[in-house]
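These notes concern the structure reproduced below.
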Protein chains: 2
Amino acid sequence: MGDETKYSAEACETHHRAIRDTMDVLSGKWKLRIVGSLSLSKKRFMELRNHIDGIAAKMLSKELQDLEINNLVNRSVINTKPITVEYELTAYGQSLKPIIDEMVIWGMQHRKQLKNKLT
Amino acid sequence: MGDETKYSAEACETHHRAIRDTMDVLSGKWKLRIVGSLSLSKKRFMELRNHIDGIAAKMLSKELQDLEINNLVNRSVINTKPITVEYELTAYGQSLKPIIDEMVIWGMQHRKQLKNKLT
DNA sequence: CTGTATCCTGTAAGATACTG
DNA sequence: CAGTATCTTACAGGATACAG
């Protein structure tokens with residue numbers, strides 16, 4: 001076919017695009033943290049705010065909206081005296097669990113690794 | 001023992017910290033792309049530049065340095081006529097493969113998902 | 001070819017204050 | 001409690017030119 005195997009295949013491009021797509025959906029400093037938090041249990045806005053160290057209300061709100069748009073997170077308003085809102089992962093959001101899990105695993109062993117280096 | 005289970009456990013904090021640690025190491029727009037590219041095969045600077053669409057020399061250089069500092073990537077200078085430099089994942093860098101793989105898998109199915117939605 | 005040195009800019013994200 | 005509205009800023013990242 002003439003071309004000098006500039007790229008080994010379309011497979012390469014697919015590979016790259018997939019990484020990019022995933023990164024786009026999880027872009028920013030907070031989305032993975034939020035998903036990680038919700039993967040442990042559904043939470044109210046305030047709980048998320050407390051649980052995710054350092055996040056501002058504005059950021060949390062915005063990121064949750066992004067996640068909702070992508071159908072990763074479900075938002076439900078509860079009719080308590082002052083209203084309460086609960087966020088939880090959708091089934092689709094839970095499909096991110098393997099990524100989260102691998103990142104948790106890696107992060108933990110990485111920290112261990114660094115500790116050993118300091119010996 | 002008096003605390004009202006504000007957090008279910010230290011486990012929560014560990015979980016969060018692990019995600020944060022991993023994100024720190026892979027921070028920025030390009031590192032994961034680079035690691036992803038190198039996970040397929042070792043490459044020269046120019047090859048990476050071509051392979052990773054849109055990256056500027058400065059960014060590539062800087063990100064590769066970061067990755068090298070964290071011992072994820074190995075840099076070796078080859079003595080060709082104009083020198084050539086080869087980058088490859090270290091054994092440690094290859095330990096990121098599961099994360100990459102999960103992201104590739106998710107990204108691919110996500111794209112499929114979106115396509116179906118458009119039907 | 002493999003970078004480094006500048007310069008420049010958009011935007012992610014922080015701080016603060018306010019509303020239903 | 002659950003957000004929104006502004007204002008501000010730092011810094012990641014882009015463009016370009018040049019060096020070993």
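Throughout, protein chains are lettered first and strands after them, A, B, ... in sequence-line order, and every chain is numbered starting at 1. The model shown is predicted, which means the values in this text are computed figures rather than measured ones.
Residue Glu86(A) is classed as having no contact, given no heavy-atom separation below 4.0 Å to the nucleic acid. Met59(B) comes within 4.0 angstrom of a nucleotide base, judged by non-hydrogen atoms across all strands. Within the nucleic acid shown, Arg49(B) has no heavy atom closer than 4.0 Å to any nucleic acid atom. Residue contacts shown for Glu47(A) are absent, as no nucleic acid heavy atom lies under 4.0 Å away.
Rounded to an integer number of Å, the gap from OH of Tyr87(A) to P of dC1(D) is 14 Å. Whole-Å rounding puts the Lys62(B) NZ to dG14(D) P distance at 11 Å. Distance CD1 (Ile34(A)) to P (dG3(D)): 12 Å, rounded to an integer number of Å. Regarding Leu60(B), its CG atom lies at a distance of 13 Å from the P atom of dG13(D), rounded to whole Å. His51(A) places its NE2 atom 17 Å from the P atom of dC1(D), with the value rounded to the nearest Å. In this structure, Leu48(A) places its CG atom 12 Å from C1' of dA2(D), rounding to the nearest Å. The separation between Arg44(A) atom CZ and dG3(D) atom C1' is 14 Å, rounded to whole Å.
Residue Arg75(A) places at least one side-chain N or O under 4.0 Å from the OP1 or OP2 atom of dG3(D). A close approach under 4.0 Å does not occur between any side-chain nitrogen or oxygen of Gln65(A) and OP1 or OP2 of dG3(D).
Contact annotation: the side chain of Thr14(B) never approaches that of Val104(A) to less than 4.5 Å [non-hydrogen atoms, C-beta and beyond].
Among residues two or more places apart in sequence or in another chain, the salt bridge (charged side-chain N to carboxylate O under 4.0 Å, His left out) test is passed with Lys62(B) by Asp66(B).
In this structure, NZ on Lys42(A) lies 12.5 Å from CG on Leu48(A), to the nearest 0.5 angstrom. Put simply, CG on Asn50(A) and NZ on Lys43(A) are 11.0 Å apart, with the number rounded to the nearest 0.5 Å.
Applying the 6.0 Å contact sphere to CG of Asp53(A) captures no more than 12 heavy atoms from other residues, nucleotides or ligands.
Ring planes of His110(A) and Tyr92(B): parallel class, angle under 30° (limits at 30 and 60°).
Protein chain A contacts DNA chain C from dA13(C) to dA15(C), reading 5' to 3' and using non-hydrogen atoms of the protein with a distance under 4.0 Å.
Nucleotides of DNA chain D nearest to Lys58(A) and Ile83(A) differ in position, and the one nearer the 5' end is that of Ile83(A).
Linking ILVMFWY side-chain heavy atoms closer than 4.5 Å, directly or via other members, places Met46(B) and Val85(B) in two distinct hydrophobic clusters.
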